[in-house]
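What's counted below: heavy atoms across the whole structure, side chains too, no hydrogens, waters or symmetry copies. Lettering follows sequence order; numbering is per chain, from 1.
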Amino acid sequence: MTLLATEAPANGRGRGAIEFALLMPAILRAGALLLFAAIFIVFAIQSPLFLAPGNLLSIVSQSSILAVLAFGLTVVVIVGGDNALAGGIDLSLAATMGLAAAVYATIVQLGQPEMVALGAALAAGLGIGALNAFSVVVLGMLPLLATLAGMTIATGLEQLISKNATILVDSALTRFLGGTDAQGFPVLAYALLVIAGLLGLGTRYTPLGLNMQAVGGNPLAARASGLGVSRYVAGSYLVSGLFGALGGLLSVSFLGASSKGAGEMLLPIIAATFLGVVFSRRFVPTIAGTLAASLFIGMLTNGFQLLNVSSYWVSGIQGVLTLLVVAATTTRPRA
Amino acid sequence: MTFRGVSLSSSKAMAAARFGRVSRFGLVIAVVVAFVFFALLAPGFIQPANLRSILVNNFALLAIAAVATTIAVHSGGIDLSVATAIDFASLAFVAAIVAGADVPVAFLAALAAAAGAGLFNAFLIAGLGITPFLATLGTLFIGHSVQQLATNGGNPIYISFTSVPPALPALARGGVLGVPIPVLVVLALGLAVHVLLKRSRFGRRSAAIGVQPQLALYSGLPVRSTVAVIYVLTATIAGVAGIFLSANVNAYMPFSGNAFLMNAIGAAYIGTTVSRTRTPNVPGTLAGVLFLAIVANGLLLIGWDFYWQQLGSGGAIFLCLALSYGIQRLRS
C-alpha cells in the first residue's frame with residue numbers, strides 16, 4: 001500500500017513540486033508544533049485553571065501511564081519497522097497493562113508481600129511479551145495477528161482474575177508512586193522523566209539502540225551485517241510486555257485501584273506513537289517524539305474536561321489527528 | 001515477514017509439497033475433532049436444536065463479518081473497522097425502524113451507513129495512501145466517538161415491543177425449508193464473494209495487489225479504484241451482520257461490533273491454511289468460523305463460566321493460528 005504514497009511525489013510535475021516535497025518535512029513539523037502550541041494557548045485562555053501548576057502536574061502524571069505504554073510500542077515499531085501490517089506493532093499493550101494491574105491488585109489484596117505482587121505483575125507482562133515474541137519470531141505470524149491474539153488472551157486472563165471488577169489497592173509501592181515529593185511534585189512525573197531519559201538515550205546513543213534502528217530500517221541489510229534480527233525483534237516484544245506491566249503498575253498507583261476497560265488505552269497508545277513521528281526529522285518513531293505526543297494527548301484530554309467538552313469527542317479527535325499526521329508523513333519523499 | 005509466496009528450495013520442494021497437502025486438511029480436521037470432542041463431552045451438544053443454535057447464534061453473524069474481512073485480507077490489507085461498519089449498520093437500522101420506516105427501507109439505510117464507513121476507509125487508503133491498518137484503526141475510533149455522541153455515551157436504543165415490525169423476528173428467526181434465514185444469507189454472500197474473488201477480473205486484480213502492489217501498479221492495473229471498491233465492499237457486507245444483530249435483539253447495542261473483530265480477522269487468517277497458495281479464501285474462512293462457533297458453543301455446554309469461555313475461545317484461536325503458521329514454517 002505504501003506504494004500509493006511513494007508514487008505521489010514522483011507524479012508531482014516539475015521542479016517546483018520536488019522542491020516543495022523537500023521542504024514538506026520542515027513545514028509539517030513546524031505546522032504540527034504550531035498546532036500543538038495553538039491548542040495549548042486556547043486552553044490557557046479559555047480555562048483559568050488550565051495553567052495552574054497543580055493542573056499541569058496532574059497532566060504530566062496522568063500522561064505518564066500513556067507515555068510508558070507508548071514507549072513499549074515505540075520500541076516495537078523502531079525494531080520492527082513502521083509498516084504497520086508487516087512491520088512491528090503491538091496491539092496487546094493495553095490489555096497487558098490491565099492484566100498486570102489486575103495481577104498486582106489481586107495479590108496485594110490477598111495479603112501477599114508487595115514484592116511478590118510486583119514480581120508477578122512484571123512476570124505477567126513479560127509472559128504476554130514472550131507469547132508475542134514466540135508467535136512472531138518462531139511461528140512467523142504477522143505481528144498484527146500475533147499481538148491481536150496476545151491481546152485476546154491477556155484480556156481473557158485479566159477478566160478471569162478480576163471477575164471484571166475494580167480492585168482497590170493500598171500498598172507502600174502505590175502510595176509512593178501515586179504520591180508527591182516534599183515540593184508537591186508527583187512521583188509519577190519523576191518516574192516518567194527517568195524512564196524517558198534512560199530509554200531515549202539508550203535507543204539513540206548506545207550501540208544496542210543504533211542496532212535496533214538498523215534492524216527496523218532494513219532487516220536484510222542488518223542481517224547481512226551480522227545482526228541477529230530475530231533476537232532484536234523478539235527482544236522488542238519482551239520490552240513491550242515489560243512496559244505494559246510498568247504501565248499497569250503506574251495506573252494502579254495513579255487510580256489507587258486496578259480498573260476495568262484497560263483496552264480503551266489502545267488507541268491513545270497507537271496515537272501517541274504515530275503522532276510522535278512528526279517530532280522527528282526523518283518522521284520515524286522516537287522516544288522523545290512519543291513523550292511529546294503523550295503529553296499532548298494528556299493535555300487534550302485534560303483541556304476538554306476543563307472546557308466541559310464531552311469526553312465522547314476524545315477518541316474521535318485522537319483518531320483524526322493520527323490520520324492527519326500519518327497521511328501527511330506518508331506522502332514524504334523517501335530518501 | 002514472509003507471508004505469501006514463500007519460495008521453496010527445489011530439493012525440499014517435493015517433501016514439502018506432500019506435507020503441505022496434508023497440512024491443508026488441518027483446519028477440517030480441527031473442526032471434526034472439536035465437533036466429536038464436544039459431542040462426546042457436552043450434554044445436548046449433538047441435539048438438532050443445539051446444532052441449529054450453533055449455526056444461528058454462534059456461526060452466522062461472525063461468518064458474515066469474516067467473509068467481509070476476507071475481501072480486505074485477500075488484497076493484502078486489513079480492515080479493523082468491520083466493527084464500525086457493523087455498529088453503524090445496526091444503529092441506522094434501528095434508528096430507521098424507530099422513526100417508523102419499513103424494514104426494506106431500514107435495510108437500505110443500514111447498508112448505506114456501513115458503506116459510508118467503507119467510503120471513508122477508501123478515501124484514506126486509496127486517496128491519501130495511508131496504510132490499511134492505520135486507516136481502518138482511525139475509522140474504528142472515529143466510529144467509537146460517533147456512537148458515543150449519538151447515544152449519549154453508549155446507551156442502547158431499543159425498538160419498543162409494540163412497534164417491532166413483524167418482518168423483524170421473521171428475519172432473525174425465520175427460515176426457508178427449515179434453513180434459518182441468517183444461514184441462507186451467509187451461504188449467498190459467501191458464494192457471491194467466493195465467485196468475486198476467484199472467478200472475476202476484480203478478484204484477480206485484488207489478488208495481484210495483495211501479492212505485489214508495486215508490480216500491480218506498474219502492470220497498469222487500476223490499483224486505487226480496485227482498493228477503494230475493496231474497502232467499500234468489505235464494510236457494506238459487514239453491515240449485513242449489523243442488521244441481523246439488531247433484528248436478533250430488537251435493539252442497537254453500541255460498540256457490540258468489537259466482539260466480532262478479533263474472531264473475524266482470526267478466521268480469515270486461519271482460513272488461508274486450506275489454500276495451496278495460502279491465499280485468503282471464503283471456504284477456509286467459513287471453516288475457521290465454524291471451528292470457533294463449535295468451540296464457543298461447546299465450552300458453554302460443558303459448563304465453563306463466562307470468563308473461562310472468553311479465555312478458552314481466545315486460546316483456541318491462538319492455537320489454531322499457531323499450528324497453521326508453525327506448519328507453514330516447517331514447510332519453508
Side-chain angles (χ1 to χ4, degrees), chain A residues 1-8 80 82-87 89 131 134-136 138-146 148-157 159-164 263-264 266-267 270-271 274 310-320 322-323 326-328 330-331, chain B residues 1-3 76-78 124-135 137-149 152-154 209 213-214 216-217 223-224 227 258 261-263 265-266 269 306-315 317-318 321-326 328-329 332:
Chain A
M1 281 310 116
T2 45
L3 109 119
L4 298 173
T6 45
E7 286 310 301
D82 62 357
N83 174 343
L85 197 54
I89 191 77
L131 185 72
F134 174 77
S135 310
V136 172
V138 180
L139 298 176
M141 264 190 226
L142 287 177
L144 171 78
L145 197 58
L148 202 56
M151 174 180 97
T152 316
I153 289 173
T155 309
L157 283 172
Q159 294 193 334
L160 192 63
I161 292 171
S162 69
K163 299 290 175 214
N164 212 12
E264 283 168 24
L266 179 59
L267 172 76
I270 295 175
F274 286 91
S310 159
S311 67
Y312 307 152
W313 285 99
V314 171
S315 84
I317 288 176
Q318 285 174 2
V320 169
T322 311
L323 288 175
V326 172
T330 45
T331 51
Chain B
M1 298 291 136
T2 49
F3 172 37
I78 187 88
L124 295 173
I125 298 165
L128 298 180
I130 300 178
T131 59
F133 168 76
L134 285 174
L137 189 79
T139 307
L140 178 66
F141 282 97
I142 294 170
H144 192 87
S145 261
V146 169
Q147 292 180 67
Q148 280 189 319
L149 289 166
N152 199 15
I209 293 168
Q214 205 93 28
L217 187 80
V223 172
R224 280 180 189 226
V227 166
N258 289 344
L261 183 56
M262 165 67 202
N263 289 353
I265 295 175
Y269 277 100
F306 176 75
Y307 300 114
W308 278 105
Q309 284 173 45
Q310 303 284 100
L311 192 59
S313 299
I317 303 177
F318 176 75
L321 284 171
L323 280 176
S324 77
Y325 276 86
Q328 189 196 10
R329 261 290 148 101
S332 53

Please classify the contact between A:Ser135 and chain B as side chain, backbone, both or neither, with a heavy-atom cut-off of under 4.5 Å.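 Interface part for A:Ser135: side chain.
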
How many angstroms lie between [atom1] in [X] and [atom2] in [Y], if you round to the nearest 0.5 Å?
{"X": "B:Gln310", "Y": "A:Ile153", "atom1": "CD", "atom2": "CD1", "answer": "12.5 Å"}
{"X": "A:Leu267", "Y": "B:Leu140", "atom1": "CG", "atom2": "CG", "answer": "8.5 Å"}
{"X": "A:Phe274", "Y": "B:Ile130", "atom1": "CZ", "atom2": "CD1", "answer": "11.5 Å"}
{"X": "A:Leu148", "Y": "B:Tyr269", "atom1": "CG", "atom2": "OH", "answer": "10.0 Å"}
{"X": "A:Leu142", "Y": "B:Tyr325", "atom1": "CG", "atom2": "OH", "answer": "4.5 Å"}

Partner chain B: residue of [options] with the largest heavy-atom pair count (under 4.5 Å):
{"options": "A:Gly156, A:Gly316, A:Gly319", "answer": "A:Gly316"}
{"options": "A:Thr152, A:Leu139, A:Val320", "answer": "A:Leu139"}
{"options": "A:Leu266, A:Thr155, A:Leu157", "answer": "A:Leu157"}
{"options": "A:Val314, A:Thr322, A:Ile317, A:Ile270", "answer": "A:Ile270"}

Structural part of B:Leu321 lying under 4.5 Å from a heavy atom of chain A: both

At a 4.5 Å cut-off on heavy atoms, which part of B:Asn152 comes close to chain A: side chain, backbone, both, or neither? both

Evaluate the side-chain contact (heavy atoms from CB on, under 4.5 Å) criterion for residues B:Ile142 and A:Leu323: first the C-alpha distance (whole Å), next the side-chain angles of each, then the deciding distance (0.1 Å), finally the verdict. CA-CA 10 Å; B:Ile142 294 170; A:Leu323 288 175; 3.9 Å; yes

Identify the heavy atoms of A:Trp313 and B:Leu149 that sit nearest to each other, and give their distance. NE1-CD2, 3.6 Å

Chain A: which of B:Phe318, B:Phe141, B:Phe306 shares the most heavy-atom pairs with it under 4.5 Å? B:Phe141

